[in-house]
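Everything below concerns the one structure shown next.
Just so it is clear, the model here is predicted, and its values are computed rather than measured. Counting from 1, the numbers follow the sequence of the chain as shown. In listed order, ligands and their atoms are each counted from 1.
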Amino acid sequence: ANILEGKLIAEGMRVAIVASRFNEFITNKLLSGALDVLHRHGVADGDVDVAWVPGAFEIPMIAKKLAETKRYDAVICVGAVIRGSTSHYDYVCSEVSKGVAQAGLATGVPVIFSVLTTENIEQAIERAGTKAGNKGADGAMAAIEMANLLQQIH
Ligand SMILES: O=c1[nH]c(NC[C@H](O)[C@H](O)[C@H](O)CO)c([N+](=O)[O-])c(=O)[nH]1
């Protein structure tokens, strides 16, 4: 069978990252994790655009707008929704995840979901560059793989 799978080759890729400012202590770590992976896989610094939004709820709109420009091979969304401080946690989480998925499907551009949805700050810290890794870095890897896979399909 012919196997189609993305290689982790990122030279020449253009990437947008949408980062939410709410819980910036966490989201900044996710952003730097993503930037580190992109740069170490050969993405030029000038080929990465970072858009800041107020909170995770605003991520989908900007992610879709950036994807619609067709200027990027992938859009990575980083944020942190923490139940401890969110009365409407479930609503924010479901709207953000649905919105990010829709942005990708509507545009055909990989829109990567690296938004932490955790019960508490400790869990968020674990996933932002400590013992559970860095979800921003993981998202950058997924972005590289998806962009490369799509190049094989188009
Ligand atoms: O990104 C987040 N936004 C949060 N709220 C703001 C929301 O994303 C919007 O910015 C706001 O509702 C204005 O639209 C959060 N809490 O409410 O706790 C949160 O934990 N994370």
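- Only one option out of V92, T118, T117, D90 pairs with R83 in a side-chain contact (heavy atoms from CB on, under 4.5 Å); it is D90.
- The cationic group of K70 does not satisfy the cation-pi geometry with Y72, failing either the under 6.0 Å distance to the six-membered ring centre or the 45° limit from the ring axis.
- If you number the atoms of ligand 1 from 1 as listed, the ones under 4.0 Å from a heavy atom of A80 come out as 1 (O), 2 (C), 19 (C), 20 (O), 21 (N).
- Which parts of ligand 1 touch H88 is read off a 4.0 Å heavy-atom cut-off, strictly below it: atoms 17 (O).
- One distance of note links CG of L30 with CZ of R127; it measures 11.5 Å at 0.5 Å rounding.
- Atom-to-atom distance recorded for S20:OG and F57:CZ is 12.5 Å, nearest 0.5 angstrom.
- Closest of all the heavy-atom pairs between A80 and T27 is N-CG2, 3.7 Å.
- Of all atoms in ligand 1, numbered sequentially from 1 with element shown, those under 4.0 Å from a heavy atom of F57 are 7 (C), 8 (O), 9 (C).
- Under 4.0 Å from ligand 1, the heavy atoms of N23 that appear belong solely to its side chain.
- Atoms of ligand 1 found under 4.0 Å from any heavy atom of I82, numbered from 1 in the order shown, are 20 (O).
- Within 6.0 Å of CG on L149 lie more than 12 heavy atoms contributed by other residues, nucleotides or ligands.
- Residue contacts with ligand 1 leave out G79, since none of its heavy atoms falls under 4.0 Å from the ligand.
- Considering backbone and side-chain atoms alike, A56 places an N or O below 3.5 Å from some N or O of ligand 1.
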